Q: 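What follows is a structure written as structure tokens; I'll ask about it next.
Keep in mind that what you see is a predicted model, and the values were worked out from it rather than measured.
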Amino acid sequence: MAVVRRPATVPADGVSQALAHARARVSTRTIGAVLLIALFGVFAATAARGYVINDVFSAEVASWRLAGTGTPWLDGVHLQALPHVEVDRLWLTQGPDGQTTVSRSPGVIAAGVPAYFIAGLVNGHANDPAWFSYLPGGLMASLLTALAMLFLWLSLDGLLRESRRLLAVLAVALTTPVWSIAADGMYTHTVTLPGLAGLAWAVRRERWWLAGVFGGIALWGRLHAAVIVAIVGLGLAAWRRRPRIAVEMGLVSGVFLGLASVWSWLMYGHLSPTGGYAPPSQYAEKAASGNHLDQLVNQLGLLVAPDRGLLVWTPVLLLLLPAVVRHWRQAPDWTRLLAAGGLVYLVIQGLMNGFSGGYNFYGYRLTLETLLCLTPLYAVSAIRAGRCVRMLLGPVLGLQLAAFSLGGFLEPPFLSDGLAWRANAFLHLLHGAPILAVYTALMVAIGALAAQAWGERRL
């Protein structure tokens, strides 16, 4: 008698689970794509079209020159023909054979080259200084910053429900100087932020070689970001007792360090990976010989100076600090190590540079890397916030959104660095146009209503 075999079937609940999982992945990819496109649109619409700061201007001129000619040398270029620019604002130095070139880090110059290459193809005047524009650099900065936010969002996958991680990323993207600085033009931070966000994503996925790649990108923007990469790599290797983590991350990021040295040798005639900046020994000597009281004041300036303080412009960090303390032990190890790396970076930053970070920008810039490094820990800890903090979270974020949306869409007042301890650009803006105080109050009210509507259970 023949045996009839029934075809294998999948249990109904198994099919349902598989379909639900597939829909969730499609939804995640869709949200990620929409997030990237939307943020790029906002950033691109408000990116700088004219001169902002020496750093950005110099980097973009170097990118334009490399894209148009394949050479970084500015000898023979009629720099006075550059539109709306005072040539003495360029950061210039000499190449190995006495050539004139721009003095910047390798990453910030290299990142702008594709944008200026495309612009040269479009306008057909790639080598003509009179056709130089800030727009390609601004658009590239917008894209890189939007990518940084995408990587940050991906790094929180599986740690938070979709709505919470989306709120966390939008808070960083739109209510901090990520909008007014990193997305505005080719700052060094425009390179470090996607590097560090990509590092967080790769570490979350336990792709250690990829983490080394992103860490290398970060140090190509600002060399001392290497301390963050080192703390995360060595810390995870020790905590998880897996030396392979440090080896893979170290070897790959070390390649980028070596390439930065080659760049410096070709561009500036020395093997220091600092590019156009002073060698590390000079910064170390400055830190060692500095007055301790001045150094302490400088560190405080990074945190609480009215016009440059991380905590002044981003009070949500203080608001959620108790929740971070309560959740510290339960937070994933990599979020704690990334935050620790960001704080060590902040201290090093204060030893190397004046806290004000210069002038002609809105908000703070030297602590942007610290902000990004703190974000994953803060995001996963926010669920431990008490009821009062949850209700205050909406108004505080509304206030921050008001400050940086005004800074993004308007031409904000740029206070001189000498006023950093005595004034605040946002308050100065409100004082000059009182109607904007109404807009600010509206944003705070909307934030309060949103927090109340969201409710404790979901937030």
Side-chain angles (χ1 to χ4, degrees), residues 39-40 42-69 72 74 79 82-85 87 89-93 101-120 126 129 131-149 173 176-198 216-223 225 260 263 267 274-277 357-366 368-369 372 407-408 414:
L39 287 179
F40 173 66
V42 172
F43 294 156
T46 59
R49 265 61 171 174
Y51 173 82
V52 179
I53 188 174
N54 300 5
D55 302 31
V56 172
F57 169 48
S58 300
E60 292 179 354
V61 166
S63 300
W64 161 77
R65 181 65 173 164
L66 265 175
T69 66
L74 295 173
L79 295 177
L82 292 168
H84 313 297
V85 162
V87 175
R89 296 192 179 196
L90 278 169
W91 294 121
L92 299 178
T93 189
T101 189
V102 167
S103 177
R104 301 300 293 147
S105 63
V108 73
I109 295 175
V113 170
Y116 280 98
F117 179 78
I118 294 172
W131 281 76
F132 171 80
S133 170
Y134 295 94
L135 183 58
L139 293 178
M140 179 57 77
S142 299
L143 178 60
L144 289 175
T145 307
L147 282 171
M149 297 302 99
T176 75
V178 165
W179 185 357
S180 64
I181 292 178
D184 200 42
M186 289 305 299
Y187 288 85
T188 51
H189 317 286
T190 307
V191 177
T192 55
L193 294 188
L196 293 173
I217 292 171
L219 65 86
W220 259 53
R222 297 179 74 79
L223 179 62
W263 175 287
M267 285 277 285
T274 51
Y277 292 93
Y359 61 95
N360 269 40
F361 57 85
Y362 185 84
Y364 54 83
R365 71 177 187 87
L366 295 183
L368 278 172
E369 288 76 17
L372 190 136
F414 296 138

Q: Can you see which heavy atom on A115 is nearest to which on P136, and at what distance?
A: CB-O, 3.4 Å
Q: Between S58 and R104, is any side-chain donor less than 3.5 angstrom from a side-chain acceptor?
A: no
Q: Look up atom CD1 in I181 and atom OH in Y362, then write down how far apart they are to the nearest 0.5 Å.
A: 10.5 Å
Q: Hey, does the side chain of Y116 reach the backbone of S133 with a donor-acceptor pair shorter than 3.5 angstrom?
A: yes
Q: I would like to know whether T69 and W64 meet side chain to side chain contact (heavy atoms under 4.5 Å, CB included); could you show each step before the answer?
A: CA-CA 9 Å; T69 66; W64 161 77; over 6 Å; no
Q: Could you tell me the separation between the OG1 atom of T176 and the CG atom of L368, rounded to the nearest 0.5 Å?
A: 6.5 Å
Q: Under 3.5 Å, is there a donor-acceptor pair between the side chain of T192 and the main chain of A218?
A: no
Q: Between Y134 and F57, what is the ring plane arrangement, given parallel below 30°, perpendicular above 60°, and tilted in between?
A: tilted
Q: Show your reasoning for whether side chain to side chain contact (heavy atoms under 4.5 Å, CB included) applies to T46 and D184.
A: CA-CA 7 Å; T46 59; D184 200 42; 5.7 Å; no
Q: Quick one: closest heavy-atom pair of P106 and G275, and the distance?
A: CD-CA, 4.2 Å
Q: With a 3.5 Å distance limit and no angle check, can you tell me whether S105 reaches the backbone of R222 through a side-chain donor-acceptor pair?
A: no
Q: Nearest heavy-atom pair of A48 and V52: which atoms, and what distance?
A: CB-CG2, 3.4 Å
Q: Is any side-chain heavy atom of M149 closer than 4.5 Å to a side-chain heavy atom of V178?
A: yes
Q: To check you understand the geometry: which heavy-atom pair defines the closest contact between R49 and A44, and what is its length?
A: NH1-O, 2.8 Å
Q: Nearest heavy-atom pair of Y359 and I53: which atoms, and what distance?
A: O-CD1, 3.2 Å
Q: Is D55 salt-bridged to R365, cutoff N-O under 4.0 Å?
A: yes
Q: At what distance, to the nearest 0.5 angstrom, does CG of L90 lie from CD of E60?
A: 11.0 Å
Q: Is a side-chain donor or acceptor of S103 paired with a backbone partner of L92 at a separation under 3.5 angstrom?
A: no
Q: To the nearest 0.5 Å, what is the distance between CZ on F40 and CG on L144?
A: 10.0 Å
Q: How long is the gap from CG on L193 to CD1 on I217, to the nearest 0.5 Å?
A: 12.5 Å
Q: Just by modelled atom types, is the A141 backbone N or O under 3.5 Å from a matching donor or acceptor in the T190 side chain?
A: no
Q: Can any side-chain N or O of S142 pair as donor or acceptor with the backbone N or O of A183 at less than 3.5 Å?
A: yes
Q: Where does the angle between the aromatic ring planes of Y187 and F361 fall among parallel (under 30°), tilted (30 to 60°) and perpendicular (over 60°)?
A: perpendicular
Q: Under the side chain to side chain contact (heavy atoms under 4.5 Å, CB included) criterion, do I109 and M267 qualify, and how do the steps go?
A: CA-CA 11 Å; I109 295 175; M267 285 277 285; 4.3 Å; yes
Q: Return yes when atom CZ of F117 has more than 12 non-hydrogen atoms of other residues, nucleotides or ligands closer than 6.0 Å, and no otherwise.
A: no
